Colleague: 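So that we are looking at the same thing, I have put the structure below in structure tokens.
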Amino acid sequence: MAASMISVVCRCGRNILRSQIKGKKYCDERAWHGSAVLRATDESTHREEEYVDIEFSTDEFKYVEKLLPSKTVPEPPKHTLYPTPSGWVPPAANLSTPYAVNRTKNHNLPVYLQVKVGGTRKLTLIRKIDGDIWALEADIRNFLEPITGKKCLTQVHEVARFIRVRGNYVTEVGKFLIDKGF
Amino acid sequence: MSYIAGITDKALKLIASMPRVALNNLKGLPGSKKTFQRRRGREKGSKHGRGDKGQGARMTLPRLGFEGGQFPFYLRFPKERYYEGHHMKRQYPPLSLLQLQRMIDLGRVNPDEPIDLTTLCNTKLYKCSPEHHHYGVNLTDEGIDIFQAKVNIEVQWTTENVIAAVERNGGVITSRFYDIQSVMALVNPEKFFQRGIPIPKCKLPPEDAIEYYTDPHFRGYLADPEKVAEARLELAQKYGYEVPDFSKDPLYEMLKQKKDPRQIFFGLAPGWVVNLKDRVILKPKAQEWKEYYHS
């Protein structure tokens, strides 16, 4: 009786449930057609012992919300003292320089160390540069040469808006940019 | 003078009447993609690319590495078992105290809530991939001198000096084990809830990890709480700081929060199914299910 109440048919019209109960092989639904079309005529004939007795609750859903990540990067909170314990300094507002170095989406400086050729070639990369890129390059050169005592070799890529300096000067360049207020 | 439709107009009309460029009407230049040659048919048949006679034509070639009887290269040298099974070992990708402090400074992690693997993975600044045998977070001591945050943090591996650094600021650190299924749920809870399966109950650590997680010196979650308190005092004496009194702390309730050894999410018990769309939690009522998940 239960079998005749619910008819699960595949699109070729064969009754899958009936075939299963009788032990016959129906046409392999997934192989031939994809999803079956369920036509349940009477819900009370669903075999209840198959389903677990459950209760619904919304009280603890607040704990679920805490587990879901936020979709955006939050603004950093205001601190009383800078730099913060981890050494982070916010960018200064209202700067009047011919160029600007914008922060990354995680509010950090876009200064990176590039290690190439199996570790023998180290380059300092400064990205996200706005304005007069050559002026920034000159300032970086004039800043680094007295410190290092060597000639500062740079690459300026105007289209991609980056400057590369040969050597690992990430800390020095970082400090230079922070002092400028970027 | 009447205007006669020229070849240009015809071409433009043709282009205008064409369907929009889409994936179903694009093709590469002939010869740009190499196709698999089956070598059938009149031209390619007969020997089918196998040449004349010999083992190569007759499917009787010897095994790969065979050198005609000469002692082969791959057998000349003995196996060294130094790294045997290393690819299957548990790994704990590191997170330094400096990184943690930076996350707190930038508001990516809230120190007023307990911090666990989910909190760290949700920042998207720390990555833990269970498919690569990553079992959780290893808190390292880089930035130990600048670490100032007071946190209730739950890690999977750490060292004594890191524990001292956290407790010196009045924080709480626990070493907690999660089996790989639980780690998969913790690392991306949203994806896990979308699967619609009950929250798993966390398994106990394997034999080689039991020693670490029952050790009060590493603040193991299976260690005796009294011994853990003693270890706190000892560590404070060793590193030379005063043990802060928790009961007077305004964040005492938060710092006290600990998960049950079988629990993987704060506030949610194993066996529950979370329905994100309808914002509802399904809990089993049957006694045998409850007993199973509470065992």
Side-chain angles (χ1 to χ4, degrees), chain A residues 35 46-93 102-113 128 168 170-171 174-175 177-178 182, chain B residues 96-110 113-114 116-125 143 145-149 169 185-193 198-199 264-269 271-276 278-290:
Chain A
S35 56
H46 281 220
R47 294 205 292 263
E48 272 165 23
E49 60 269 23
E50 283 183 356
Y51 294 96
V52 181
D53 200 12
I54 49 169
E55 58 184 354
F56 296 85
S57 161
T58 49
D59 299 333
E60 292 91 352
F61 203 81
K62 58 177 190 276
Y63 296 110
V64 174
E65 281 166 1
K66 282 187 190 171
L67 293 170
L68 302 176
S70 66
K71 306 271 190 221
T72 52
V73 176
E75 281 299 312
K78 296 264 182 299
H79 293 256
T80 48
L81 194 66
Y82 292 115
T84 62
S86 65
W88 185 78
V89 180
N102 302 316
R103 291 284 176 109
T104 64
K105 63 164 133 10
N106 290 318
H107 309 289
N108 291 319
L109 278 173
V111 182
Y112 308 94
L113 176 68
K128 294 169 78 71
N168 181 2
V170 169
T171 341
K175 189 172 177 303
L177 293 172
I178 295 275
F182 296 126
Chain B
S96 64
L97 283 170
L98 174 63
Q99 284 173 300
L100 182 60
Q101 184 65 57
R102 179 57 69 100
M103 284 186 206
I104 291 168
D105 289 343
L106 294 179
R108 304 297 287 269
V109 160
N110 186 5
E113 292 283 326
D116 67 346
L117 182 59
T118 308
T119 337
L120 295 167
C121 291
N122 280 349
T123 62
K124 308 290 166 75
L125 297 171
D145 299 318
I146 55 92
F147 190 70
Q148 284 179 23
N169 299 325
L186 281 161
V187 153
N188 197 342
E190 193 172 2
K191 194 171 163 186
F192 173 77
F193 294 143
I199 294 169
I264 61 171
F265 296 120
F266 275 116
L268 305 175
W272 295 357
V273 177
V274 172
N275 184 339
L276 284 175
D278 301 331
R279 302 173 64 80
V280 132
I281 295 173
L282 285 70
K283 304 180 192 176
K285 275 208 291 210
Q287 196 53 34
E288 57 186 22
W289 286 75
K290 280 187 173 172

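Chain letters run A, B, ... following the sequence lines, proteins first and then strands; every chain starts at 1. These figures come from a predicted structure and were not determined experimentally.
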Colleague: Where does B:F265 contact chain A at under 4.5 Å (heavy atoms): side chain, backbone, both or neither?
Modeller: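 Side chain of B:F265 only, per the 4.5 Å heavy-atom cut-off to chain A.
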
Colleague: Where is the tightest heavy-atom contact between B:L282 and A:F56, given as atom of each residue plus distance?
Modeller: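 Taking every non-hydrogen atom into account, CG-CE2, 3.8 Å.
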
Colleague: Go through A:L67 and B:V274 one step at a time and tell me if the side-chain contact (heavy atoms from CB on, under 4.5 Å) criterion holds.
Modeller: CA-CA 12 Å; A:L67 293 170; B:V274 172; over 6 Å; no

Colleague: So which donor and acceptor atoms of chain A and chain B come within less than 3.5 Å of each other?
Modeller:
residue: A:D53; atom: O; partner: B:K285; partner atom: N; Å: 2.6
residue: A:E55; atom: N; partner: B:K283; partner atom: O; Å: 2.8
residue: A:E55; atom: O; partner: B:K283; partner atom: N; Å: 2.9
residue: A:S57; atom: N; partner: B:I281; partner atom: O; Å: 2.9
residue: A:S57; atom: O; partner: B:I281; partner atom: N; Å: 2.8
residue: A:E60; atom: OE1; partner: B:K283; partner atom: NZ; Å: 3.2
residue: A:E60; atom: OE2; partner: B:K283; partner atom: NZ; Å: 2.9
residue: A:E65; atom: OE2; partner: B:R279; partner atom: NH2; Å: 2.0
residue: A:L67; atom: O; partner: B:N122; partner atom: ND2; Å: 2.7
residue: A:H79; atom: NE2; partner: B:D105; partner atom: O; Å: 2.9
residue: A:T84; atom: OG1; partner: B:D105; partner atom: OD2; Å: 2.9
residue: A:S86; atom: N; partner: B:D105; partner atom: OD2; Å: 3.0
residue: A:S86; atom: O; partner: B:R102; partner atom: NH2; Å: 3.3
residue: A:S86; atom: OG; partner: B:R102; partner atom: NE; Å: 3.0
residue: A:S86; atom: OG; partner: B:D105; partner atom: OD2; Å: 2.6
residue: A:N106; atom: OD1; partner: B:R108; partner atom: NH1; Å: 2.6
residue: A:N108; atom: OD1; partner: B:R102; partner atom: NH1; Å: 2.8

Colleague: Under 4.5 Å from any heavy atom of chain A, what part of B:L97 do you find: side chain, backbone, both or neither?
Modeller: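 The answer is neither part of B:L97.
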
Colleague: Can you check side-chain contact (heavy atoms from CB on, under 4.5 Å) on A:F61 and B:L276, steps first, answer last?
Modeller: CA-CA 9 Å; A:F61 203 81; B:L276 284 175; 4.3 Å; yes

Colleague: Give me the atom names and distance for the closest heavy-atom approach of A:P77 to B:G107.
Modeller: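 What the structure gives for the nearest pair is CD-N, 3.6 Å.
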
Colleague: Check each atom of B:F147 against the heavy atoms of chain A and say whether the ones under 4.5 Å are side chain, backbone, both or neither.
Modeller: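 When you check distances to chain A, no heavy atom of B:F147 falls under 4.5 Å.
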
